[in-house]
Amino acid sequence: MGLGALIPGEPSGPWAGVPLAQWRDWRWQLREQLRTSQQLSQLLPLSSAVQDLISSGQAFEVGITPYFATLADPTAANCPILRQVLPDAAEAHTAAFEVADPLGEDPHRKAPGLVHKYPDRVLMLVTDTCAAYCRYCTRARWVASGAERLGQDQWQQALDYIRATPQIRDVLISGGDPLLLSNARLDGLLDQLAAIPHLRFVRIGSRVPVFLPMRIDAGLVRALRPRRIPVYVNVHCNHYKELTPQAVQALAMLADGGIALGGQAVLLRGVNDDAEVLRETFYAMLSARVRPYYLFHCDPIRGSAHLRTSVSRGLQLMEQLVGFTSGMAVPKYCIDLVGAGKVPLWPAYVEQIDDAWVSGHSYKGLPWRYVNDPSAHTAVEKPTNGSQ
Ligand SMILES: *Cc1c(COP(=O)(O)O)cnc(C)c1O
């Protein structure tokens, strides 16, 4: 690199001379995103195939905050940080089953940015912008496309639908990254949602604590404060390296502000498809007050085959977590399908089940058998005292 080594989370490498006040300014971090081949080359040499992919304009949006870039190890062949955000020549290829809308959200649009797919909850997309762009983005067809305008008018249509639909009990605010909206807009949106009597809580999906922890300041925490209903923030984090002291501090500010934290990860080949990495990642989340919620199988978005594992590998990894680590550190492993929605997959601990018995094996592989329906067993006389 010739520009000095990277120190995770600190102004270093190409940014060695940047004053701390600027480094900690989230707007500066967004302005200085690495977007072009030339900017990315400050970090590491790019192959001509990757340069062509970026300059062709065919690649999904590219953008990495300088902060997140310093978590990388550009000298490693398979840096788990870079693999998530740096375009790969393999993106140019579409594999079998890959589609533009892998979750089948489009047919469930009820208003601009509003997806009503499950009976009692909705997904509200409030921006198409992110602090950095994941190469496996499940909404790659929509994120950073500017295809849908999401101003106040569009929000009102979504809010009208939620107000008129009493079976909706919670709203998942996502995008793009909602925490890139201004504090005033977030505050206003949460005020309006909290005023809808049938809503019981609100959740926000975000990767800002990981990509741009400096965004989380007293003003934002105040905007997200619990109102009549609580606010959950589900943080997308895939590797323990992302939980730097800066990220942990940002999460602590949210938690101290009364915001409940959950974690979601995406299973990615060459990033976290390793039992040790997953165990440490979920443990690091819990240590940062983030309860792991979902481990998503990587959706079949176009050009993402190099990042996907098999489902059987995912189940094998779950078997290496369950029982071997704190139950709080084991999320639900899910595939997400167009028609069926999220399907949780759990290793097959139950092997046989009939009216009388349930049997299977434990996490350590020990066989067990357990009474299923007690009425399927003939009663045995309870021994009385003194009798044998
Ligand atoms: C994931 C998702 C939700 C929330 O689902 P939970 O299982 O409750 O976390 C809601 N709407 C859509 C469209 C989703 O994809």
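Both counts, for ligands and for their atoms, begin at 1 and track the order of listing.
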Check K241 with D73, please: is the shortest side-chain N to carboxylate O separation under 4.0 Å? no
Looking at every non-hydrogen atom in both residues, tell me the closest pair between Y240 and T281 and how far apart they are.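 In terms of heavy atoms, the two residues are closest at N-OG1, 3.1 Å.
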Between L317 and D273, does a side-chain contact (heavy atoms from CB on, under 4.5 Å) hold up when you go through it step by step? CA-CA 7 Å; L317 288 164; D273 59 337; 4.2 Å; yes
For a quick check: using heavy atoms under 4.0 Å, what are the residues in contact with ligand 1, sorted by chain and number?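 Protein residues near ligand 1 are V115, K117, Y118, R121, L123, L172, R203, Y293, Y294, K342.
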Restricting to side chain to side chain donor-acceptor pair (under 3.5 Å), what partner residues turn up for Q316, sequence neighbours left out? R313
Pair listing, ring-ring contact (aromatic ring centres under 6.0 Å, His included) test, anchored in residues 64-109, at least two apart: F68-F211
Run the side chain to side chain contact (heavy atoms under 4.5 Å, CB included) test against T70 and tell me which residues pass, sequence neighbours left out. L6, S12, W15, W23
